[in-house]
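Okay, so here's the structure we're looking at.
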Amino acid sequence: MFDADHAKVTGGELDSSDATRRLGSVLLGAPVRKRLALSLLSLELAALRWTSDALHACLLGGWTHVIMYRRQFMSLLSQAYKLAPMDQVDKSYPKLCKLSRSVAQEFVMLAVLAPLMTCDLAAKIDDVVYASDASEAKGAYVFCPQREDVVRALWRTGRKKTSYVRLLRREEALVRKLDADKEEHEFGN
């Protein structure tokens with residue numbers, strides 16, 4: 001649809017209405033109705049003591065889709081991914097799972113912050129280039145101020161997706177720490 005204030009684009013909802021543009025923004029995110037429905041369902045579920053693995057998988061999948069438009073919110077999820085083993089969910093035979101308060105709190109935080117889970121396509125490009133690294137202890141990041149044309153070129157040409165890397169199991173990480181020369185194929189991969 002050409003020249004529309006609201007449109008669906010690749011599964012997301014684009015809001016470029018006059019009111020949004022007056023705020024200096026053009027927003028893209030999961031559809032508002034989906035975010036509100038997930039919020040309501042999450043708040044209702046958070047008040048309970050039990051859930052099913054199938055419901056949990058559906059809810060977590062929905063939230064993961066919503067968060068992909070604003071990935072910083074992925075940091076809200078930790079215990080929710082540990083509640084039920086997703087590879088063992090059979091939606092034809094759901095199993096009851098005790099809903100811990102920590103998982104319930106994660107869902108409440110998602111529900112409350114759902115309106116903010118959009119990206120602003122009109123946002124100015126930062127004049128700083130960042131790089132991050134993960135480590136077992138804390139992780140680190142570096143940054144360097146750059147001209148806007150350099151930052152824009154890096155943004156347009158840089159890889160935004162990485163390839164899959166399997167994380168080491170605890171035993172493998174311990175062996176790797178103790179014996180830095182240990183090869184991955186020695187772990188039976």
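In this chain, residues are counted from 1 in sequence order. Computed from heavy atoms alone, side chains included, the values below leave out hydrogens, waters and symmetry copies. What you see is a predicted model; the values in this text were computed from it and never measured.
Considering every non-hydrogen atom in both S25 and D120, the closest pair reads OG-OD2, 3.0 Å. Taking each heavy atom of A122 and G24 in turn, the nearest pair found is CB-O, 3.7 Å. Residues Q146 and V150 approach most closely at OE1-CG1, 3.7 Å, considering heavy atoms. Between L76 and L113, the closest heavy-atom pair is CD1-CD1, 3.8 Å. Heavy-atom minimum distance, S102 versus Q79: OG-CG, 3.5 Å. Nearest heavy-atom pair across F73 and M117 is CD1-CG, 3.7 Å.
Using a 4.5 Å cut-off on side-chain heavy atoms (C-beta onward), R49 and L99 make no contact. Considering only heavy atoms from C-beta on, V128 stays 4.5 Å or farther from V151 through its side chain. Between V103 and T51 the shortest side-chain heavy-atom distance does not fall below 4.5 Å. The closest side-chain heavy-atom distance from V142 to Y130 is not below 4.5 Å. Considering only heavy atoms from C-beta on, E148 stays 4.5 Å or farther from K124 through its side chain.
One distance of note links CG of D53 with CG of L96; it measures 8.5 Å at 0.5 Å rounding. Between atom OG1 of residue T118 and atom CG of residue D15 there is a gap of 8.5 Å, rounded to the nearest 0.5 Å. Note that the OG atom of S42 and the CE atom of M109 stand 12.5 Å from one another [nearest 0.5 Å]. The distance from the NZ atom of K34 to the OG atom of S39 is 12.0 Å, given to the nearest 0.5 Å. The CG atom of L83 sits 9.0 Å away from atom CG of L60, with the distance rounded to the nearest 0.5 Å. For the atom pair SG (C119) and CG (L28), the distance works out to 4.5 Å, reported to the nearest 0.5 Å.
Between R21 and D18 a salt bridge is recorded (basic side-chain N to carboxylate O distance below 4.0 Å).
At a threshold of 4.5 Å between side-chain heavy atoms, the hydrophobic network of Ile, Leu, Val, Met, Phe, Trp and Tyr places L27 and L14 in two separate groups. When hydrophobic clusters are built by joining Ile, Leu, Val, Met, Phe, Trp and Tyr residues whose side-chain heavy atoms come closer than 4.5 Å, directly or via intermediates, V108 is not grouped with I67. Linking Ile, Leu, Val, Met, Phe, Trp and Tyr residues whenever their side-chain heavy atoms come within less than 4.5 Å places L154 and I125 in a single cluster. Note: the hydrophobic cluster containing M86 also contains L59 (ILVMFWY, side chain heavy atoms under 4.5 Å, direct or indirect links). L77 and L43 fall into different hydrophobic clusters, defined by Ile, Leu, Val, Met, Phe, Trp and Tyr side-chain heavy atoms under 4.5 Å apart, directly or through other members.
By the neighbour-count criterion of 12 heavy atoms within 6.0 Å, atom CD of E44 is sparsely surrounded, having that number or fewer from other residues, nucleotides or ligands. Residue K98 qualifies as enclosed at atom NZ: its count of foreign heavy atoms under 6.0 Å is above 12.
Remark: side-chain polar atoms of E106 are paired, donor with acceptor, to backbone N or O of S78 under 3.5 angstrom. Of the possible polar contacts, one joining the Y69 side chain to the G12 backbone as a donor-acceptor pair under 3.5 Å is found. Between the side chain of R101 and the backbone N or O of A46, at least one donor-acceptor pair lies under 3.5 Å. Within the 3.5 Å criterion, the main-chain N or O of V32 finds a donor-acceptor partner in the side chain of E13.
With no hydrogens or angles considered, a side-chain donor-acceptor pair links T64 and Y81 at under 3.5 Å. T20 and S17 are linked by a side-chain donor-acceptor pair at a separation below 3.5 angstrom, with hydrogens and angles left out of the test.
Using bins of under 30°, 30° to 60° and over 60° for the plane-to-plane angle, the ring pair F107/H56 lands in the perpendicular bin.
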